[in-house]
Every structure is written in C-alpha cells, then in structure tokens.
Amino acid sequence: METATNHVLPMKRKRDNDKLLETLLYTWSVIVLILVLYPLYFIVIASFSDPSAVGNGKVWLWPQGFTWDGYKELFNHSNIWIGYRNTIAYTVVGTAIGLAVNLSAAYALSRKDLVGIKPLSFFFIFTMFFNGGLVPTFLTIRDFNLYDTFLVMVLPFSVAVFDIIVARTFFRTGIPAELWEAAQIDGCGNLRFFALMVLPLSKAIISVLALWFAVGHWNSYFNALIYLQNKDLHPLQLVLRDILVTNQMQNALGTGEAAQIALRLANLLRYSVIIVATLPIMCLYPFVQKHFNKGVMIGAVKS
C-alpha cells in the first residue's frame, strides 16, 4: 500500500503542475490576444466617435458621440471608387501572375534532374541580397514602355525569391518522387504533370502564396508613387493618402470656424481611412486560414 501511495502522490503533483501551467498559458494567451486586438477595436470605435472625445481620452470601450461624418466625407470623394477598382484589379491580376511565375519557378528548381540547378539557385538567391537600386529599375521600366501603365503594378515585381524557396521546399517534401515516375510510365510530360498532379496536391502552399501576394498588392503604394502619374491608375492606398493630405492642407489654410470643421474631419478621416483600407483584405483571411499554417510549416521548416 505504501508503494502504491508513493507512486500516486508524484503523479497527482504532476497533474496539478500541468493544470497550473496550462492555466498560466491560457491566461497569458488571453492577455496577448487583448493587447493585439484592442488597438484594432479602438480604431473601429474611434472612427464612429466625436474627435474631441477621442482626443480627451473618453473613448475606451464604446463610441462616444456616435457619428458617420468621417465615412460620409471619405466616400464623397469620387476618386475612392477609382482607387478601389484599380486596387482590386491589381490584386487579382498581380496575384494570378505571381502565382503562375513563382510556382512554375519553384517546381522547376525542386526537380533534382534540372540541368544547371545549382547556378540557377545561386542566381535567384543572389537577388535577395543585392539589387540594382531605384534608378536602374526606373530606367529599365521606362525603356520597356511600362511606365505609367497598368502592367507596371503587376509585372516587373512579380518574382519573389523567398516565396519561390518556400514553394520549392514544399514541392520537394510534399510531392512524392514515385508519383512522377508513375506518371512517366503513363506517358505524362512535365507540363501536364505539373498542371494535373502537382497543383491539385499543393492547395496549402498555393493558399499561403496567394494570401501573401494579395496582401502585398493591396497595400502597395510606393511603386504607384514612383511609376504612375495618371490618377486614373492610382491604387486605393495612394488615393487615401491624397485625401488625407488635401484635408490637412485645408485645415492648415483655414481660419476660424472653417478651420475647426476641417480639423474635426481630418481627425475622423484618420481612423476611417484605416478601416476602409484594411477591412476588405482582412475578409480574405478566414478563407485561407485552414491552409495557412500547414503551408507555411511544410514550406519553411522542412529541408
């Protein structure tokens, strides 16, 4: 009996310690979740609150002085719809081109029978550390007649070496070599094997890369700032920037009651712009979340 009791007590202590550790981990996770989500929540409620209440620190959990003025002022600008149209087009087309280019390159580099695979891999990796710089890139884009065109936002920067490396690792570890051998016996070529066998088995990594490309194109503004002059081609981020700058200039130039109104709208627009710019792309996450962790871990951890 004493021996049995001596074994039971350490096991009970171990279970108690495990429960305590689990409780601490859950508590810490909840604290981190609150710290991450509250700034986003604050931006949402601040966009519907009176700017003076926000400035005085009265907005904590609920909107104070509920108002739609920030969104009304924002959507009164006709350019915002042009920006939405352009950004959606850049995101869809740019993501499609990026997936086609990078997945193809990754599959080719994943094949050990590729002639010159080591030099090719070196040239790809070399570009991660060294590039020509802004001026040579600008001159190249101008000489290819891409300046101030739709394609300048989706074509020149479609190759992402990091994404190629992640996808290459996925293909090497996730696609059995025996599958290619069996396909060869049936007379299947490389292109057909890639399209009909590899891609359907690679939904996880495709979802991850699609999300990365979509977020990158949605948030892109620097390339448009450098390579686009035509305002009809400006993406949403650049349009929102122009609206904020214009409103701030009106605030600086105004006097009296007009200046106070402009200042109030400028403060409201700061939060409204963030919501308008981020909400659509955030809606994409739930559709790819189930593949995201699997694709990242397989493509990034295994070698």
Side-chain angles (χ1 to χ4, degrees), residues 24-77 79-81 83-88 90-92 94-95 163 207-225 234-248 251 263-297 300:
L24 291 174
L25 289 175
Y26 274 114
T27 303
W28 176 248
S29 299
V30 170
I31 293 173
V32 172
L33 183 64
I34 293 173
L35 291 175
V36 171
L37 291 182
Y38 181 75
L40 301 176
Y41 176 73
F42 177 79
I43 290 172
V44 174
I45 61 176
S47 68
F48 295 105
S49 300
D50 190 316
S52 60
V54 177
N56 293 329
K58 296 180 180 179
V59 177
W60 285 89
L61 296 177
W62 310 108
Q64 300 292 328
F66 189 89
T67 178
W68 292 91
D69 291 348
Y71 292 97
K72 289 179 181 178
E73 176 66 20
L74 188 60
F75 286 107
N76 278 338
H77 294 266
N79 288 343
I80 196 171
W81 303 113
Y84 258 120
R85 180 199 66 191
N86 293 336
T87 295
I88 292 172
Y90 295 145
T91 301
V92 173
T95 300
D163 296 347
S207 299
V208 172
L209 296 187
L211 180 62
W212 287 349
F213 281 118
V215 172
H217 282 289
W218 186 272
N219 293 329
S220 177
Y221 75 93
F222 182 75
N223 291 337
L225 192 63
H234 282 184
L236 177 64
Q237 307 296 339
L238 210 56
V239 172
L240 294 177
R241 170 187 171 274
D242 292 341
I243 292 174
L244 281 176
V245 170
T246 301
N247 194 269
Q248 289 173 355
N251 175 39
L263 177 61
R264 181 175 181 275
L265 287 176
N267 292 330
L268 279 173
L269 281 173
R270 271 187 286 177
Y271 299 107
S272 305
V273 162
I274 296 174
I275 300 301
V276 169
T278 58
L279 185 61
I281 197 64
M282 288 178 65
C283 295
L284 183 63
Y285 278 88
F287 297 99
V288 298
Q289 182 62 36
K290 61 180 180 180
H291 300 296
F292 189 79
N293 292 336
K294 180 181 176 184
V296 170
M297 295 302 294

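Side-chain atoms are counted along with the backbone in the values below, which use heavy atoms only and exclude waters and symmetry mates. The first residue of the sequence shown is numbered 1, and numbering continues consecutively from there. Nothing here was measured: the structure is a model prediction, and the numbers come from that model.
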For residues 57-66, which side-chain donor-acceptor pairs fall under 3.5 Å, sequence neighbours excluded?
{"from": "W60", "atom 1": "NE1", "to": "G57", "atom 2": "O", "distance (Å)": "2.8"}

Name each donor-acceptor pair under 3.5 Å that joins a side chain in residues 234-241 to protein atoms two or more places apart or in another chain, with its distance.
{"from": "Q237", "atom 1": "NE2", "to": "W218", "atom 2": "O", "distance (Å)": "3.1"}

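Other residues, nucleotides and ligands contribute more than 12 heavy atoms inside 6.0 Å of the CZ atom of F42.
Residues satisfying the ring pair (Phe, Tyr, Trp, His ring centres under 6.0 Å) criterion with Y90, sequence neighbours excluded, are F150. Listed by chain and number, the residues in a ring pair (Phe, Tyr, Trp, His ring centres under 6.0 Å) with F75 are W81 (sequence neighbours excluded). By the side-chain contact (heavy atoms from CB on, under 4.5 Å) test, S220 pairs with M153, N223, sequence neighbours left out.
P280 has its side chain within reach of Y84: a pair of non-hydrogen atoms, C-beta onward, lies under 4.5 Å apart. Contact of the D50 side chain with the T67 side chain is not registered, since no non-hydrogen atoms from C-beta on lie closer than 4.5 Å. At a threshold of 4.5 Å between non-hydrogen side-chain atoms, the residues L40 and T278 do not count as touching.
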>> Between W28 and L24, does the side-chain contact (heavy atoms from CB on, under 4.5 Å) criterion hold? Intermediate values first, please.
In response: CA-CA 6 Å; W28 176 248; L24 291 174; over 6 Å; no
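A side chain to side chain donor-acceptor pair (under 3.5 Å) check over residues 38-47, counting only residues at least two apart or in different chains, returns the pairs S47-Y71.
Residue D163 comes nearest to W212 through the heavy atom pair OD1-CE3, 3.1 Å, listed as atom of the first residue, atom of the second, then distance.
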